[in-house]
Amino acid sequence: NRLAWLGSLAGYYLYRVDVDNTRDGEFESEGVGLRWGLALDYVLTPQVTLGLGYDGHLIAVEEAETAGGILPRNRTQAHTLSGRVGVRF
């Protein structure tokens, strides 16, 4: 078989998210992160593989409040599509 599927999944806790806002002051919050990935590789020769990969990343930060104001809840997503070349040596 010349095809190989690869997958990954990771989660983590963000224990200190600092935001410095010149108008409202400093905020400290927490959140979670999640990363996942999929890839398909094709074996050209025993030493060389070619493939495509996808990686996703989600960061979710909780709301924080100080006397100066409120930091709203935030969710950020990033997606990456990549070409892959593997060489064994």
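Everything numeric here is computed off the predicted structure, so don't read it as measured data. No hydrogens, no waters, no symmetry mates; every other heavy atom, side chains included, goes into these values.
- Taking Ile, Leu, Val, Met, Phe, Trp and Tyr as hydrophobic and joining them when side-chain heavy atoms fall under 4.5 Å apart, one finds Tyr15 in a cluster with Tyr13.
- Taking 4.5 Å as the limit, every side-chain heavy atom of Trp36 sits out of range of all side-chain heavy atoms of His57.
- By the side-chain contact (heavy atoms from CB on, under 4.5 Å) test, Val32 pairs with Ala60, sequence neighbours left out.
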Worked check of side-chain contact (heavy atoms from CB on, under 4.5 Å) between Ile59 and Leu14: CA-CA 9 Å; Ile59 296 175; Leu14 304 168; 3.5 Å; yes
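- Under the salt bridge (Lys or Arg N to Asp or Glu O under 4.0 Å) criterion, the residue pairs touching residues 40-62 are Asp41-Arg84, with sequence neighbours excluded.
- Two different hydrophobic clusters hold Val43 and Trp5 under the rule that ILVMFWY side chains link at heavy-atom gaps under 4.5 Å.
- If you chain together hydrophobic residues whose side chains sit under 4.5 Å apart, Val61 and Tyr12 fall into the same group.
- Here Leu52 pairs with nothing under the side-chain contact (heavy atoms from CB on, under 4.5 Å) rule; sequence neighbours left out.
- Taking Thr76 as the reference, Asn74 meet the side chain to side chain donor-acceptor pair (under 3.5 Å) condition, with sequence neighbours excluded.
- Residues satisfying the side-chain contact (heavy atoms from CB on, under 4.5 Å) test with Leu38, not counting sequence neighbours, are none.
- For Gln77, the side-chain contact (heavy atoms from CB on, under 4.5 Å) partners two or more places apart in sequence, or in a different chain, are Leu58, His79.
- With sequence neighbours excluded, no residue forms a salt bridge (charged side-chain N to carboxylate O under 4.0 Å, His left out) with Arg73.
- Linking ILVMFWY residues whenever their side-chain heavy atoms come closer than 4.5 Å, directly or via other members, places Val48 and Leu40 in the same cluster.
- Inter-residue side-chain proximity for Leu44 and Leu50 is flagged as met; some heavy-atom pair is nearer than 4.5 Å.
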